[in-house]
Amino acid sequence: MAICIPGNVSFVEGAAIMESFVTAVESVSHVAGVGQGQTVLVHGAAGGVGSACVQVAHALGATVYATASASRLADVGSIGAAAVIDYRADDFESVVARLTDHRGVEAVIDFIGGDYLPRNLRSLRPGGTLVQVGILSGQHAPSIPLNLLLHNHLQLVGTVMKSRGVDEKRAMVRRFSEGFLPLFESGGLKPLVDEVFPLERAADAHRSVERGGGFGKVILAVD
C-alpha cells in the first residue's frame, strides 16, 4: 500500500495525499465513473477528502458544484469548483436545480448523510449515482425515497477505506498511483495542508479536526 513520494512533494504534503486522494479517486472515478463533460456535486468540499474530490473531479474534466461554509467558498472555488454553495445560507437542492436547468447532476459525493440523503437523490439526474463516503450528521437511518430511486433508476453506493481488506486497499492505491499520482508532479493536483502539529500534540490535532472549519488536512509531523 506504499507509494513513492514525487520529487516535488514533501513528507508533510505526502501525508495530506494518501488517504484523502485515494478515497477521492475511488469515490469520484472508480465508483461514480465521473468523466469529461459531466456534473458532480461534492459536499463538505473544504475538508480533507472533500477538497480532494473537488480536485479529482475537476481533473477528470467534470463541472463541479460544491458545498462549504461561508468562510471557505473562495478557497473551494480556487481548487476547481464552478459554483460553491453556502450550506448554511442556501438550499443546495434548489441551487443545483437552477444551475443544471432542473436536469440534475450525474453524481453526488456526500459525507454528511441524514436529511441530505433524499435531497441528494432529488439532485441526481436519471441514472445518476450517489456515493456515500461518511455520515458526519450522525443520523444513521434517514428516510429513503425508494419511489424516486426506482423511477429514476438511481444508484446509492457506500464506500469507506478503513473496512476494506488488504487486497482491496492495494487495488485502490494502484488505481490512484497509476492514474493520478503523476498529476502531483505536473501541478494538476495539489496536497492541501490546513495545520501541522508535532506528534506530541496529537490531542490538539484531534481537537482541531473536531472543531472543523479548516481547509485540507490536519497533519501530525514526526521529528
Side-chain angles (χ1 to χ4, degrees), residues 1-3 5-6 9-28 31 42-57 66-79 81 84-88 92 108-117 120 131-142 158-166 168-170 172-173 176-177 180-181 184 189-223:
M1 288 179 279
I3 61 170
I5 299 177
V9 174
S10 69
F11 276 96
V12 167
E13 291 171 327
I17 290 175
M18 280 304 291
E19 186 174 8
S20 53
F21 278 92
V22 171
T23 301
V25 168
E26 190 71 9
S27 304
V28 175
V31 176
V42 178
H43 290 297
V49 182
S51 59
C53 287
V54 171
Q55 291 193 62
V56 167
T67 64
S69 62
S71 64
R72 294 301 180 186
L73 301 183
D75 290 328
V76 175
S78 72
I79 57 172
V84 190
I85 305 161
D86 180 352
Y87 72 90
R88 290 192 179 97
F92 73 80
V108 176
I109 313 297
D110 182 39
F111 306 86
I112 312 300
D115 64 6
Y116 272 41
L117 194 150
N120 284 333
V131 183
Q132 197 69 46
V133 190
I135 318 175
L136 291 176
S137 66
Q139 301 174 40
H140 298 165
T159 183
V160 67
M161 192 173 185
K162 64 182 66 174
S163 63
R164 292 177 181 264
V166 172
E168 290 178 300
K169 289 179 180 177
R170 286 173 175 157
M172 292 172 67
V173 171
F176 161 74
S177 62
F180 294 85
L181 184 60
F184 287 95
L189 295 174
K190 60 180 180 179
L192 295 177
V193 177
D194 181 50
E195 290 185 278
V196 180
F197 291 86
L199 186 60
E200 58 269 22
R201 291 184 58 202
D204 292 331
H206 278 284
R207 293 185 188 102
S208 177
V209 172
E210 289 167 358
R211 281 195 302 271
F215 183 49
K217 297 292 283 184
V218 174
I219 305 300
L220 290 175
V222 180
D223 186 354

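The first residue of the sequence shown is numbered 1, and numbering continues consecutively from there. Keep in mind it's a predicted model, so treat the numbers as computed, not measured.
- When every heavy atom of Val9 is checked against every heavy atom of Phe184, the shortest pair comes out as CG2-CB, 4.4 Å.
- The side-chain heavy atoms of Phe215 and Val193, taken from C-beta on, include no pair separated by under 4.5 Å.
- Annotation for Asp194 and Gly214: closest pair OD2-CA, 3.5 Å, computed over non-hydrogen atoms.
- In terms of modelled atom types and a separation under 3.5 Å, the side chain of Glu210 and the main chain of Gly212 share no donor-acceptor contact.
- For the pair Ile112/Gln139, no side-chain contact is recorded, criterion being any heavy-atom separation below 4.5 Å from C-beta on.
- Using a 4.5 Å cut-off on side-chain heavy atoms (C-beta onward), Phe197 and Ile219 make no contact.
- Cys53 SG to Phe111 CZ: the interatomic distance, rounded to the nearest 0.5 Å, is 4.0 Å.
- For the atom pair Met1 CE and Ser177 OG, the distance stands at 13.0 Å (nearest 0.5 Å).
- Looking at every heavy atom in both residues, Ser78 comes nearest to Asp75 through OG-O, 2.5 Å.
- In terms of heavy atoms, Val133 sits closest to Ser27 at CG2-OG, 3.6 Å.
- Of all heavy-atom pairs spanning Ala68 and Val84, the tightest one is CB-CG1, 4.1 Å.
- Shortest non-hydrogen contact noted between Val54 and Ala66 is CG2-CB, 4.4 Å.
- Judged by distance alone, the side chain of Ser51 and the main-chain N or O of Gly216 form no donor-acceptor pair under 3.5 Å.
- Without hydrogens or angle criteria, Arg72 side chain to Gly213 main chain gives a donor-acceptor distance under 3.5 Å.
- Looking only at side-chain heavy atoms (C-beta outward), Thr159 and Val131 come within less than 4.5 Å of each other.
- In this structure, Gln132 CD and Ile109 CD1 are separated by 10.0 Å, a value rounded to the nearest 0.5 Å.
- Looking at residues two or more places apart in sequence or on another chain, you find a ring-ring contact (aromatic ring centres under 6.0 Å, His included) between Phe92 and His43, Tyr116.
- For Lys190, the NZ atom is loosely surrounded, since the number of other residues' heavy atoms within 6.0 Å does not exceed 12.
- To the nearest 0.5 Å, the span separating CD1 on Ile85 from CG on Leu73 amounts to 9.5 Å.
- Within the 4.5 Å cutoff, the side chain of Leu181 has heavy atoms near those of the Pro6 side chain.
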When the side chains of residues 13-20 are checked against the rest of the protein, which donor-acceptor pairs come out under 3.5 Å, sequence neighbours left out?
unit_1, atom_1, unit_2, atom_2, d
Glu13, OE1, Ser10, N, 2.9
Glu13, OE1, Ser10, OG, 3.4
Ser20, OG, Ala16, O, 2.6
Ser20, OG, Ile17, O, 3.2

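- Under the rule for a side-chain hydrogen bond (donor to acceptor under 3.5 Å, both in side chains), Gln55 has no partner lying at least two apart in sequence or in another chain.
- Taking OG of Ser71 as the start and CG of Asp86 as the end, the distance is 9.0 Å to the nearest 0.5 Å.
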field: Derivation of the side-chain contact (heavy atoms from CB on, under 4.5 Å) call for Val173 and Ile3
entry: CA-CA 8 Å; Val173 171; Ile3 61 170; 3.6 Å; yes
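- With contacts defined as side-chain heavy-atom distances shorter than 4.5 Å, the pair Val22/Met161 qualifies.
- For the atom pair CD of Glu26 and CZ of Phe21, the computed distance is 15.0 Å after rounding to the nearest 0.5 Å.
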